[in-house]
Amino acid sequence: NSQFSILLFASIFLTINTAKSQIIPKDRRTIWEGNAGVAGGIPNRAIIGATINAATYGTGIVDASAAIGAAIDACPEGQVVFIPAGTYRVDTPIYRALASFVTIRGAGMGKTILKAGTKIKQVIHLGKGNWPRPTTGIEILGSASKGKRVLTVRDASSIIVGNLVRLEQQDLSYVISVNSSTTHNFISAVFKVTAKTATTVTVTPSLPFTYNSSPKLVQYPGSPLVSTGVEDLTLDCNVKCGMGLEIEQSWGCWVKNIEIINSTNRQMFLVCFVSGEIRHNYTHATASGGPEHEGIDFYEDGSFNLVEDNISYNGGFPGIILGDSRGGCTGNVIAYNFCYNTDTGYPNTAGMDISVSHGPHNMMNLVEGNIAGGVGSDGYFGSTSHITILRNWLTATHPTCSDNLISVNIGRWNNYFNLVGNILGTSAFSRAGLLHPENGFNYADQVIYKIGYPNMGNNGFNGAWGPTDPPDYIGQAGSGKALQEFDHNVIKTMVLHGNFDYKTNAMAWDPTITDHNIPVSYFRRSKPAWFGKLSWPPFDPASPPGEFSDKNISLIPAGYRFIHGVDP
């Protein structure tokens, strides 16, 4: 097994990276500030529009499904369905397709408990998606450049103001899917239409990327779920229910301060979830692990969302994932979460806690300020690009597993990644651990960087692919190769700058980048109020925290809450 020394690591990047005038050039990132999350913030609705009778339904004996559903139907727009403290038995999923502009609120996590009473798919199911996923679109004329909101088309008559549209384009050379060797439109993002004329369509938010390869707009004909949230309660799947919560085809929706426990499948299943927010939740105590047991799961077409200040502890594999299926997850922010202790289904094998991709093609997403055992993009079903990973603590640890402990696991077909100012490993990192293995290695080896390997679980490979400039996978899926090559494009296109690792006990800088001022944040201008007494930013690679301890887990609010049970 080969390892990089600091000097060798620097020299390789000196030869393979072009000169850069800033740490992350603008074309490799987007504007997350103001574009990720619920526009204007989650509304704090105060008027109670409907209340569940706790004396009748809050004993855990009577099925409360119909009563809760009826209260949602009866609640006026802009008001709250209040579910008082108690345990509410749910024998059929609480399903409402178009319950827009409603807040479903309990008395607090652990106080209001919705508990599955029979074997059901989910406890709460909101929204209704268009299946099969629409594919017919209209051509965009002229520019579809980054930052634009108004797009020109030949005829906008089919577009419905208020509905969702997917902006997509033909695949570029670095886009690939293992399921087909032909061209598809995997680079995409989903927006809400706010206005139109005969020949223009106005969308929100602004475009995160310049689409210049035959772009088109694909409309979702069904009305989205709009401005609805679930707050302040516990969803107990009771080892009978597949998932706590499912939301389909939505805009401006949120999940806040809820607990999900004892699921047999996923925790949250979010399909075409757009401009939403997942905040201050606690997902844990899953009944089983492995594939199809993801935690906070953006299944496909999840754009411009903010996933912030959550605890996921044994809360799915991975605990947070973008693009579990097709991909199309663009412009999202995953920030300041404590995401740890994944269950891969193998007793001694750890897995990545945060995954930015499982299917093609996610892009322009930000992972900032999290504590996790590891972050990765698996390259299992296809490509991903333009991901920024800033100021995280990625420990390469797990509370029970000793195999597959990896801080950064970026597989094949993952290009234009930016890793800046992260802390990798802990002060207990194995002396025999590996910095950046270039050959096959053992699962028992603790690893800082695993980059370019095929699939997330393979520690070996057969042959090599690339590097090419730009990365080029056209025809690889149909080339007759086994798709198990080591991908040299991944490291060639990666920005690695100002990261501290506990293998070398030093920060490593890209010598072609003169700027050593690591940004405090890429989407916040100042310390959030909910950080309380904690320092901001929480992680400084020039002063790494050291041991994985209660004190250092408490450097972010989610970790503090996990250790102390209260916010800082």
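Everything numeric in this text was worked out from a predicted model, so none of it was measured.
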Do the ring centers of Tyr416 and Tyr174 come within less than 6.0 Å of each other?
yes

Heavy atoms of Glu308 and Tyr336 approach each other most closely as OE2-CD1, 3.7 Å

Scanning both residues in full, the closest heavy-atom pair of Gln476 with Glu485 reads NE2-OE1, 3.0 Å

Give a yes or no answer on whether the side chain of Lys196 reaches the backbone of Ala156 with a donor-acceptor pair at less than 3.5 Å.
yes

Residues Glu231 and Arg105 bridged, charged N to O under 4.0 Å
yes

Regarding His497 and Asp510, is there a side-chain donor-to-acceptor distance under 3.5 Å anywhere?
no

May I ask you to check whether Tyr220 and Gln249 show a side-chain donor-acceptor distance below 3.5 Å?
no

Is the side chain of Asn415 donor-acceptor paired with the backbone N or O of Ser385 at a distance under 3.5 Å, no angle test?
no

Please determine whether the number of non-hydrogen atoms from other residues, nucleotides or ligands lying under 6.0 Å from atom NZ of Lys148 exceeds 12.
yes

Electrostatic pair Arg133:Asp301 at N-O distance under 4.0 angstrom
yes

Pairs of donor and acceptor atoms involving the side chains of residues 199-206, under 3.5 Å and at least two apart or interchain, shall be tabulated with distances.
{"unit_1": "Thr200", "atom_1": "OG1", "unit_2": "Thr197", "atom_2": "OG1", "d": "2.6"}
{"unit_1": "Thr204", "atom_1": "OG1", "unit_2": "Arg149", "atom_2": "NH1", "d": "3.0"}

Assess, by modelled atom type and distance only, whether the side chains of Asn455 and Arg412 contain a donor and an acceptor separated by less than 3.5 Å.
yes

Value for CD1 (Ile24) from CG (Asn418), rounded to nearest 0.5 Å, stands at 4.0 Å

Does the separation of the ring centres of His293 and Phe317 fall below 6.0 angstrom?
no

